[in-house]
Novice: 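Mind having a look at this structure? Questions to follow.
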Amino acid sequence: MEKIKAVRGTKDILPHEVNKWQFLENKAREIFSLYGYKEIRTPIFEEISLFVRGIGQGTDIVRKEMYVFDDRKGRKLCLRPEGTAGVMRAFLEHNLADNSITKLFYTGPMFRYERPQAGRYRQHTQIGVEAIGSAEPSLDAEVISLVYNYFILAGLENIQVELNSVGCEKCRGKYKDILKEALAKNVTAFCPDCQERFNLNVLRMFDCKIPECQNFLNEAPKITDAICPDCQAHLAEVKAHLDLLKINYKMNPRLVRGLDYYTRTTFEIIFSSLGSQNAIAAGGRYDKLIHELGGDEIPGIGFAMGVERIVLALDSIGKKWPEMSSLEVYNIAVGSQKAYEYLFELTNKFRQSGISCEIDHRQRSLKSQLKTADKLKAKRVIILGDQELEKGIVLLRSMNTGVQREIKFEELFDLVKKEVLP
RNA sequence: GUGGCUGUAGCUCAGUUGGUUAGAGUACAAGAUUGUGGAUCUUGUUGCCGCGGGUUCGAGUCCCGUCAGCCACCCCA
């Protein structure tokens, strides 16, 4: 029989490492709530058209990376490749708009059919944030400070914030025309990929890593110079507010995100030692997206973080992850069935009072049970054998100090309870 | 989707120019004290040598294919 393995690009998060994901999620809940964000959970599959309209028809994600399928009634569905579109759909569907800014966060799996690599999976976990209802540049800075502070508090310090503006609907279009005009005479000198990008989405040419292409682009007009006065002013205000918060950032006029919905501010958080998959969070403003999905003209801004990449980053700097919940009591019965039954019941009593407790069901030797207790990192052990049974006592052993006391049956439960839950 | 590297015990990895029953460390189990863990020592268990085909008297070792992981591109979190 051939073994069935996890499908390509997916992975199991095993019990000994799941605490890392839990830590990052809990940290997010804790910090996001300080900023007023409420959790939202949306389905992991949606209609294809949501992403075609939201992310954009010409993007790689929509063109070749979505897991699409028909359901039994022929509905055109797909696994969500990202979180923002679904959250916006829910925002519209349930009329979540109010006078103030609607602040939402989500966490969960995203799916993209890509060639797997370390830090790039076909199913990966994202934690994301959306702030809907304001076009104020100070909100951009607040959102960037949120990611930034999250990483600091999670213990990841060597991060880089990269910032850019891709302009608004109007001036971006103009810039694209200017850029095309400037590059047109040399198109054939670019690499085949770039030539395709030239027609599909000129802006993406900036992402090319081939030196020859970059040389041409160095002479091309910069987007930050070409955007309209309003967008310039917006960017200037974002920078001013970031300075106010003392957040270091680097302008990167080549930072062009691969999702069409971005307008004005775009940013990325880089952890450079991760190799080519070094963006651990990214986001930007999307002032036209909600309108694009059939709503009013409501501006918004958000970002998403890649949990698996953050785990890689934190592991690489030797992060000490919080231990999983420890075991308070390990019950060891030796010899008679009567001792086992007594402890079996006691185990249940401890658990009912909220004290973690474990017992060996196999009646093994005292030695091997103690070894197990040690491996489970039990704080204390209760030993009950024939000798103790006769005297009406148990042995209460502290696993840290090795100190062992004789405790009467009738005092045992309250004494342990007092120690564990003071 | 393109190019490259790798694939041997649960984990980390040896395995000589193809040669007989495939190794180490670690982990696991038992024992060294017939009722006392963490250290040390002893012993033991664990392998479709990723999968399929080919060359050969003989393949973990060579060749082809395939699958998977990794690296770069691409893309992105």
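Excluded from the calculations below are hydrogen atoms, water molecules and symmetry mates; all remaining heavy atoms, backbone and side chain alike, are included. Proteins come first, then strands; the chains are lettered A, B, ... in the order of their sequence lines, and each starts at number 1.
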Novice: Given B:A30, B:U36, B:U2, which nucleotide is nearest the side-chain atoms of A:Ser368?
Specialist: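 In terms of side-chain proximity for A:Ser368, the closest of B:A30, B:U36, B:U2 is B:A30.
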
Novice: Both distances below 3.5 Å, Watson-Crick or wobble geometry, any strand: find the nucleotide opposite B:G37.
Specialist: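 Per the H-bond distance test, none.
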
Novice: Expressed as a whole number of angstroms, how long is the span from A:Met66:CE to B:G1:P?
Specialist: 17 Å

Novice: Where do A:Phe271 and A:Leu312 land on the side-chain contact (heavy atoms from CB on, under 4.5 Å) test, with the steps shown first?
Specialist: CA-CA 10 Å; A:Phe271 187 77; A:Leu312 287 175; over 6 Å; no

Novice: Using the rule given for side-chain contact (heavy atoms from CB on, under 4.5 Å), can you reason through A:Ile48 versus A:Met66, listing the C-alpha separation, both sets of side-chain angles and the distance that settles it, and then say yes or no?
Specialist: CA-CA 9 Å; A:Ile48 292 176; A:Met66 290 206 296; 4.0 Å; yes

Novice: Under 4.0 angstrom, heavy atoms only, what part of the nucleic acid is A:Gln404 near: base, sugar-phosphate, or nothing?
Specialist: base

Novice: Looking only at the side chain of A:Arg397 (C-beta and beyond, no hydrogens), which of the listed nucleotides B:G37, B:A77, B:C28 gets closest?
Specialist: B:G37

Novice: Hey, which sits more toward the 5' end of RNA chain B by its nearest nucleotide, A:Ile269 or A:Gly275?
Specialist: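 Of the two residues, A:Gly275 wins.
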
Novice: For A:Lys375 and B:A29, is the shortest distance between a side-chain N/O and OP1 or OP2 below 4.0 Å?
Specialist: yes

Novice: Do the non-hydrogen side-chain atoms of A:Phe91 and A:Ile40 ever get within less than 4.5 Å of each other?
Specialist: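 The answer is no; the side chains never approach within 4.5 Å.
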
Novice: On RNA chain B, check which nucleotide each of A:Ser365 and A:Thr401 is closest to and give me the residue with the more 5' one.
Specialist: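 It is A:Ser365, whose closest nucleotide lies nearer the 5' terminus.
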
Novice: Kindly determine whether A:Glu328 and A:Arg380 satisfy salt bridge (charged side-chain N to carboxylate O under 4.0 Å, His left out), including the steps that lead there.
Specialist: CA-CA 6 Å; A:Glu328 295 292 347; A:Arg380 56 183 74 68; 3.2 Å; yes

Novice: Taking pairing as Watson-Crick or G-U wobble with both contacts under 3.5 Å, can you name the mate of B:U2, or confirm there isn't one?
Specialist: B:A72

Novice: Heavy atoms under 4.0 Å, any strand shown: does A:Gly83 hit a base, just sugar-phosphate, or nothing?
Specialist: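 The residue A:Gly83 makes no contact with any strand.
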
Novice: To the side chain of A:Pro116, which of B:G69, B:G35, B:A77 is closest?
Specialist: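 Of the options given, the side chain of A:Pro116 lies nearest B:G69.
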
Novice: Taking OP1 and OP2 of B:A77, is either one under 4.0 Å from a side-chain nitrogen or oxygen of A:Arg112?
Specialist: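 The answer is yes; a side-chain N or O of A:Arg112 sits under 4.0 Å from OP1 or OP2.
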
Novice: Taking any strand in view, what nucleotide pairs with B:G7 in a Watson-Crick or G-U wobble way, both distances under 3.5 Å?
Specialist: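 Across any shown strand, B:G7 pairs with B:C67.
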
Novice: Within the 4.0 Å heavy-atom criterion, would you say A:Leu395 contacts the bases, only the backbone, or no part of the nucleic acid?
Specialist: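 Contact class for A:Leu395: base.
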
Novice: Sticking with atom P, work out how far B:A59 lies from B:G19, rounded to a whole angstrom.
Specialist: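 My reading of the P atoms in B:A59 and B:G19 gives 11 Å.
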
Novice: Please measure how far the C1' atom in B:A22 lies from the corresponding atom in B:U66, and state the result in whole Å.
Specialist: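 Taking atom C1' in both B:A22 and B:U66, they lie 25 Å apart.
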
Novice: Using the P atoms only, state how far B:G1 lies from B:C75, rounded to an integer number of Å.
Specialist: 16 Å

Novice: Check every strand shown and say whether A:Tyr121 touches a base, only sugar-phosphate, or nothing at a heavy-atom separation below 4.0 Å.
Specialist: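 A:Tyr121: base contact, heavy atoms under 4.0 Å.
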
Novice: Whole angstrom is fine here: how far is it from CG in A:Leu314 over to P in B:A77?
Specialist: 19 Å

Novice: Could you give the distance separating B:A29 and B:A9 at their C1' atoms, to the nearest angstrom?
Specialist: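 It comes out at 15 Å once rounded to the nearest Å.
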
Novice: Have a look at A:Glu388 and say if it touches a base, only the backbone sugar-phosphate, or nothing, with a 4.0 Å heavy-atom cut-off.
Specialist: base

Novice: Select one nucleotide: of B:C76, B:U2, B:C73, the one nearest the side-chain heavy atoms of A:Arg115.
Specialist: B:U2

Novice: How would you label the contact of A:Ile280 with the nucleic acid (heavy atoms, under 4.0 Å): base, sugar-phosphate, or nothing?
Specialist: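 Sugar-phosphate only.
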
Novice: Hey, is the side chain of A:Ser276 poking within less than 4.0 Å of OP1 or OP2 on B:C75, counting only N and O atoms?
Specialist: no

Novice: Given A:Glu292 and A:Tyr286, is the side-chain hydrogen bond (donor to acceptor under 3.5 Å, both in side chains) satisfied, shown in steps?
Specialist: CA-CA 10 Å; A:Glu292 204 67 39; A:Tyr286 42 80; over 6 Å; no

Novice: How close or far is atom P of B:A77 from atom NE2 of A:His124, stated in whole angstroms?
Specialist: 7 Å

Novice: For atom P, what is the distance between B:U12 and B:G50, given to the nearest Å?
Specialist: 14 Å

Novice: Kindly point out which of B:C67, B:C75, B:C73 is positioned nearest to the side chain of A:Lys5?
Specialist: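 Minimum distance to the A:Lys5 side chain belongs to B:C67.
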
Novice: From the options B:G35, B:A77, B:C71, select the nucleotide whose nearest atom is closest to the side chain of A:Ala118.
Specialist: B:C71

Novice: Within this structure, what is the CZ-to-P distance between A:Arg364 and B:G31, rounded to whole angstrom?
Specialist: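 The answer, rounded to whole Å, is 10 Å.
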
Novice: Does B:A22 pair with anything, Watson-Crick or G-U wobble, both distances under 3.5 Å, and if so, with which nucleotide?
Specialist: none

Novice: Is the centre of the A:Phe409 ring less than 6.0 Å from the centre of the A:Tyr342 ring?
Specialist: yes

Novice: Using a heavy-atom cut-off of 4.0 Å across all strands, would you classify A:Met110 as base, sugar-phosphate, or nothing?
Specialist: nothing

Novice: Have a look at A:Ile383 and say if it touches a base, only the backbone sugar-phosphate, or nothing, with a 4.0 Å heavy-atom cut-off.
Specialist: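 Contact class for A:Ile383: base.
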
Novice: In whole angstrom, what separates A:Arg122's CZ from B:C70's P?
Specialist: 11 Å

Novice: Taking atom P in both B:G47 and B:A32, compute the distance separating them and give it to the nearest angstrom.
Specialist: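 Pairwise P distance, B:G47 against B:A32, rounds to 28 Å.
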
Novice: Counting heavy atoms from C-beta on, name the nucleotide in B:U36, B:C71, B:C76 closest to the side chain of A:Gln117.
Specialist: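 The listed nucleotide nearest to A:Gln117's side chain is B:C71.
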
Novice: Please determine, for the side chain of A:Asp374, which listed nucleotide (B:A77, B:G37, B:G1) has the closest atom?
Specialist: B:G37

Novice: Quick one: is B:G37 close enough that its OP1 or OP2 comes under 4.0 Å of any side-chain N or O from A:Lys367?
Specialist: yes

Novice: Whole angstroms only, please: what is the NZ-P distance between A:Lys64 and B:C75?
Specialist: 8 Å

Novice: Distance between the P atoms of B:U16 and B:G60, in whole angstroms?
Specialist: 12 Å

Novice: Can you check the distance between B:U33 and B:G38, where both ends of the measurement are the P atom (answer in whole Å)?
Specialist: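 It works out to 14 Å between them.
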
Novice: Just name whichever nucleotide pairs with B:U42, Watson-Crick or G-U, keeping both distances under 3.5 Å, else none.
Specialist: B:A30

Novice: Measure the distance from CD on A:Glu114 to P on B:C73 and round it to the nearest whole Å.
Specialist: 14 Å

Novice: Nearest to the A:Arg8 side chain among B:U36, B:G69, B:C75, which nucleotide is it?
Specialist: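 Of the options given, the side chain of A:Arg8 lies nearest B:G69.
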
Novice: Would you sort out whether A:Glu406 and A:Lys391 count as a salt bridge (charged side-chain N to carboxylate O under 4.0 Å, His left out), showing the intermediate values?
Specialist: CA-CA 10 Å; A:Glu406 297 193 345; A:Lys391 292 198 269 180; 3.7 Å; yes

Novice: What's the closest nucleotide to the A:Leu370 side chain, out of B:C28, B:C73, B:G37?
Specialist: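 Within the option list, the nearest is B:G37.
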
Novice: How far apart are the C-alpha atoms of A:Leu255 and A:Leu163, what are their side-chain angles, what is the distance that settles it, and do they pass the side-chain contact (heavy atoms from CB on, under 4.5 Å) test?
Specialist: CA-CA 7 Å; A:Leu255 179 67; A:Leu163 183 69; 6.0 Å; no

Novice: Take atom CD of A:Gln387 and atom C1' of B:U36, then tell me their distance rounded to the nearest Å.
Specialist: 12 Å

Novice: CD/A:Glu39 to CZ/A:Phe105 distance, rounded to the nearest 0.5 angstrom?
Specialist: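 If I round to the nearest 0.5 Å, the distance is 4.0 Å.
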
Novice: Is B:C49 paired to anything, Watson-Crick or G-U wobble with both distances less than 3.5 Å, and if yes, which nucleotide?
Specialist: none

Novice: Would you mind classifying the nucleic acid contact of A:Gln369 as base, sugar-phosphate or nothing, using non-hydrogen atoms under 4.0 angstrom?
Specialist: nothing

